[in-house]
Structures are given as C-alpha cells and as structure tokens.
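First listed ligand is number 1; within each ligand, the first listed atom is number 1.
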Amino acid sequence: MRFTPQDEEFRAQVREWLEANLTGPFAGLRGTGGPGREHQRHAERLAWNQHLAAAGWTCLGWPAEHGGRGATLEQQVIFHEEYARAAAPARVSIVGEELLGPTLIAFGTAEQQQRFLPPIKAVAELWCQGYSEPGAGSDLAAVATRAGLQGAEWVITGQKVWTSLAHLADWCFVLARTESGSQRQTGLSYLLVPMRQPGVTVRPIRQLTGTSEFNEVFFDGARTAAANVVGEPGDGWRIAKATLAIERGAAMLGQQVGFRRELENLINLARRTGAGTDPLLRDKLARARAGLEVIRDYALDTLGGNDDAEASVLKILWSRWHSDLGELAMEINGASSLVTRGEPYDLDDWQRLFLFSRADTIYGGSDEIQLNIIASRALGLPRSGNS
Ligand SMILES: Cc1cc2nc3c(=O)[nH]c(=O)nc-3n(C[C@H](O)[C@H](O)[C@H](O)COP(=O)(O)OP(=O)(O)OC[C@H]3O[C@@H](n4cnc5c(N)ncnc54)[C@H](O)[C@@H]3O)c2cc1C
C-alpha cells in the first residue's frame, strides 16, 4: 500500500476535521471507550458518533449509492489511523457499520438495503452479532438456535453467548437453524432480529476487567418478519462466513496506532520509574517495538487481499503481540500491578490492558484455529483429527 499526494491531502482533511470537532461537548471524550472500556460515556460517544455521521465520516468504504463515501482502501486506512492518533472516542456503531452494512450491500435485497443501511449510516440503530453459542464457538457449524416460519414471521428459540454490546443493540444478526434435522453448515439462515421485544432476554456477563461488554442472549419465541432473512433461507453459512471475512478490514490499521500509543506510554513509564535500566525489560521493550513494525508492514502488504492464511498470520501476530504487551506492562509496574487503587475493583489502564488483552487470542477466531488454517491452507499439511 502506497499513499499518493491526494491521499496525504485527505489525511490533512481528516486531521483538521477531528481537531476542529473534538472540542466543546466532545473535548472530554478523547481516549474513552474501546475494548475493556465500552462502559465509558456511552451516551456521549453515541452523540459524537452521530455527529461524525452527519459530517459524512461514517461508512467511508460503502459505495456512494448506499450512502457511503466510496473511499479507497488507502483513504479508509488513513481515516482510521488519524482517528486513533487523535485518540477520538471508540465508535459505538462498529458492528453495523463494518460487519452488517457491507454484508447487506453484498447480499441483501433492495428492500433490506433501503430499510437497514440508512439508520446504520446515521448511527440511529445499533447492531450486535449473534453467532456464538454455548456449544458452538470455534465450531460454529454446531449452531443449535432454531427458527421456523409461522405465518409472516420467523419465530426464534435458542441461546447465544459472548454477544458483544447486545445490551445496547437495537438489532442482532442471528445465525439460526431453519431446516429441522439439518446438520452442520446446511440448513442455517442469517436472520435480522429486533432486540427490543418480549422474546429476547439479555444477561450481561461480568468480565475479568469487572465490566460487562458481552452478554448471554436468550431467544424464547422471539419474532422477526419473514423478509428479514439475508440470502436464501438455508444459505446462512455462506453469508455468515462472508461477514467474518469482512471483519478483518481497514480498521485494523487504526487499532495499531492505538497499540503504538500504548507502547510509547509504557516506554515513558519505564524511563520514569527506572525499569528501563533493567537489561531484560529493555530487551522486551525493544522487541515489542520491532514486533509492531512487523505487524504494520504485514498488515499494509496484505490488506484488501482475500487469502485466509494471510489473515490468520496477521491475527496471530497482533493478538500475541498485544497480550505480551499486557504482561510486559505488569512487569514494568512491578509489585504495584497487584494492587487496585480503590473499591470496587478500580483498575488502572495497565491492569485493564493486561486483563482484557487475554481476549485478543480468542475473539475473531482463537489462535489455535488460526494455526490450523495456516497449517492446512498455507503449509498444505493434512488435517489433524480435531482441526
Ligand atoms: C471479547 C470477546 C467478544 C466476543 N464477541 C462476540 C460477538 O459479538 N458475537 C459472537 O457471536 N461471538 C463473540 N465472541 C465469541 C468468540 O467468537 C468465541 O469465543 C470464539 O469463537 C471461541 O469460541 P469458544 O469461546 O466457544 O471456545 P471453544 O471453541 O470452546 O475453544 C476452547 C479452546 O479450544 C481450542 N480449540 C477449539 N477447537 C480447536 C481445534 N479444532 N483445534 C485446536 N484447538 C481448538 C480453542 O482455541 C480454545 O483455546 C466474543 C469473544 C470474546 C472473547
């Protein structure tokens, strides 16, 4: 990926807009939200996200006919990099904007696109992703949530788990078994289900960080219109996989700007506390710096491609790097890492980083699953008994 002079002009435009707008009521939002901190200032971040939308800074990569900017991949990377560099608040609309929206653009009917895309773009409706179940995580084809047509509606029964931000979502895209007796990848459908109805119960799960960002979601005769199926009934596996492929998008580069800031803060801490004189910690910090350069180069080289093994290599590189950084932060903080500042469970940023980054090697496909993909698709190794 190479940035042209026009791209650099675009970068200046994004930077200026963020500087001019992260002021007034939004000034205090810098650095809020994101993994482990989604509970922070949600209402204000929603208002900020709607402000971004009104200025045309949401859904950049969507084609213009669907309300996007039709931005190039380079421009999307630039936007996310500048957004992270300004420490702008984590957006609340990511699941709709980056997962469901592109899926509907690729596979939705014209009616579905007209109904669902404008409120995603305007940040008027928030979405969550209902794939994982207690018995179906890495092995997603084991999905057991059932749905059947009754008159003009799908009626859905089953349980999802680890559903991020379901407690704040208006809608959920649900992978459900719609052909009774069907096995594995067949007979599944991709349904769009309203969350605020009597048949849906959301129970937050308390995480290591003490906060609740994901949930158990129970569907007990929940309903959605017959037309709210993306693709044909029974074709849900194909659509669900396409959403997963979209998940590895340009926003990844913004995430790395955040990683860089965390590393720089940690280096500054090591300078201040004297930990930076310890030869082993110096080595680890230097390795972290080198690792980050590798991740960025690899991401820029492979972004926009559709090679599963490359995506898996990148996931492993960044997830391990980030969870290692959490451990290094604990080492540099020394004994004080073991103590919380106040009650109840008042974590500092380093403790939160250490605890939440345990999740990096799990969500979006665990490291072991990524290794299986690399082994079979990139190395051509035969499948093992359990891969
Ligand atoms: C922070 C966070 C947010 C999430 N948000 C969402 C969300 O919004 N929506 C959603 O649907 N899901 C979400 N998930 C769920 C996530 O997709 C699953 O946790 C993930 O797919 C792993 O599934 P599992 O937890 O059932 O673990 P399991 O699949 O039970 O795996 C347990 C362990 O066994 C290993 N393992 C499993 N199969 C194999 C194999 N074949 N070979 C080698 N090792 C294997 C795994 O690597 C793991 O270490 C989220 C998870 C986290 C941590």
Side-chain angles (χ1 to χ4, degrees), residues 33-39 90 92-100 103 126-145 156 158-176 184 188 190-193 195 200 202-219 236-237 239-248 255 311-312 315-316 318-320 322-323 326 352-377 381-387:
R37 287 177 295 143
E38 288 293 353
H39 60 290
V92 300
S93 61
I94 291 177
V95 178
E97 192 180 323
E98 290 177 6
L99 301 185
L100 183 69
T103 306
L126 302 182
W127 284 82
C128 61
Q129 178 178 28
Y131 282 14
S132 305
E133 298 182 2
S138 305
D139 186 17
L140 188 58
V143 155
T145 293
I156 305 129
Q159 186 198 340
K160 297 292 173 180
V161 72
W162 320 126
T163 321
S164 296
L165 307 178
H167 56 300
L168 300 167
D170 304 293
W171 287 82
C172 182
F173 48 95
V174 175
L175 190 60
R184 308 291 300 162
L188 297 169
Y190 191 105
L191 303 178
L192 309 177
V193 181
M195 291 293 282
V200 176
V202 177
R203 203 152 70 193
I205 299 171
R206 192 158 186 249
Q207 298 164 205
L208 272 176
T209 46
T211 55
S212 294
E213 296 176 6
F214 53 32
N215 304 267
E216 292 178 292
V217 178
F218 299 88
F219 297 103
W237 183 256
I239 314 288
K241 294 300 265 188
T243 304
L244 288 178
I246 293 164
E247 200 166 344
R248 320 164 185 136
Q255 182 191 36
S312 294
K315 171 80 205 305
I316 292 214
W318 75 253
S319 64
R320 294 205 168 169
H322 200 224
S323 50
R352 200 179 290 115
L353 165 68
F354 169 63
L355 292 176
F356 200 89
S357 60
R358 305 296 91 194
D360 290 341
T361 53
I362 303 172
Y363 68 79
S366 71
D367 272 15
E368 291 74 23
I369 296 302
Q370 309 297 347
L371 289 172
N372 282 340
I373 293 171
I374 295 167
S376 54
R377 310 236 176 110
L381 298 173
R383 293 169 81 85
S384 70
N386 65 350
S387 67

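If you look at S164 next to ligand 1, the close heavy atoms, those under 4.0 Å, come from the backbone and the side chain alike. Both the backbone and the side chain of W162 come within contact range of ligand 1, each with a heavy atom under 4.0 Å.
Atoms of ligand 1 found under 4.0 Å from any heavy atom of Q129, numbered from 1 in the order shown, are 7 (C), 8 (O), 9 (N), 10 (C), 11 (O). Near E368, with a cut-off below 4.0 Å to any heavy atom, the atoms of ligand 1 are 43 (C), 44 (N), 46 (C), 47 (O), 49 (O). Residue Y131 approaches ligand 1 through these ligand atoms, each under 4.0 Å from one of its heavy atoms: 11 (O). The ligand atoms of ligand 1 that sit less than 4.0 angstrom from a heavy atom of N372 are 40 (C), 41 (N), 42 (N), 43 (C). Each of the atoms 46 (C), 47 (O) of ligand 1 lies under 4.0 Å from some heavy atom of S366. Near I369, meaning under 4.0 Å from any of its heavy atoms, are these atoms of ligand 1: 38 (N), 39 (C), 40 (C), 41 (N). Interface of I362 with ligand 1, defined as ligand atoms under 4.0 Å from a residue heavy atom, comprises 19 (O), 20 (C).
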> Given V92 and L165, is the side chain to side chain contact (heavy atoms under 4.5 Å, CB included) satisfied, shown in steps?
Replying inline: CA-CA 9 Å; V92 300; L165 307 178; over 6 Å; no
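Among residues two or more places apart in sequence or in another chain, the side-chain hydrogen bond (donor to acceptor under 3.5 Å, both in side chains) test is passed with D360 by H322, Y363. For the salt bridge (Lys or Arg N to Asp or Glu O under 4.0 Å) test, residues two or more places apart in sequence or in another chain that qualify with R352 are D349.
By the 4.5 Å heavy-atom criterion applied to side chains, F173 and I239 are not counted as neighbours.
The only option from V202, T163, L168 that meets the side chain to side chain contact (heavy atoms under 4.5 Å, CB included) definition with M195 turns out to be V202.
Between Q370 and K315, the shortest heavy-atom contact is NE2-CG, 3.6 Å.
Q207 places a side-chain N or O within donor-acceptor distance of the main-chain N or O of E213, the cut-off being under 3.5 Å.
Of the options W127, F173, F356, Y363, the smallest heavy-atom separation from atom 51 (C) of ligand 1 is shown by Y363.
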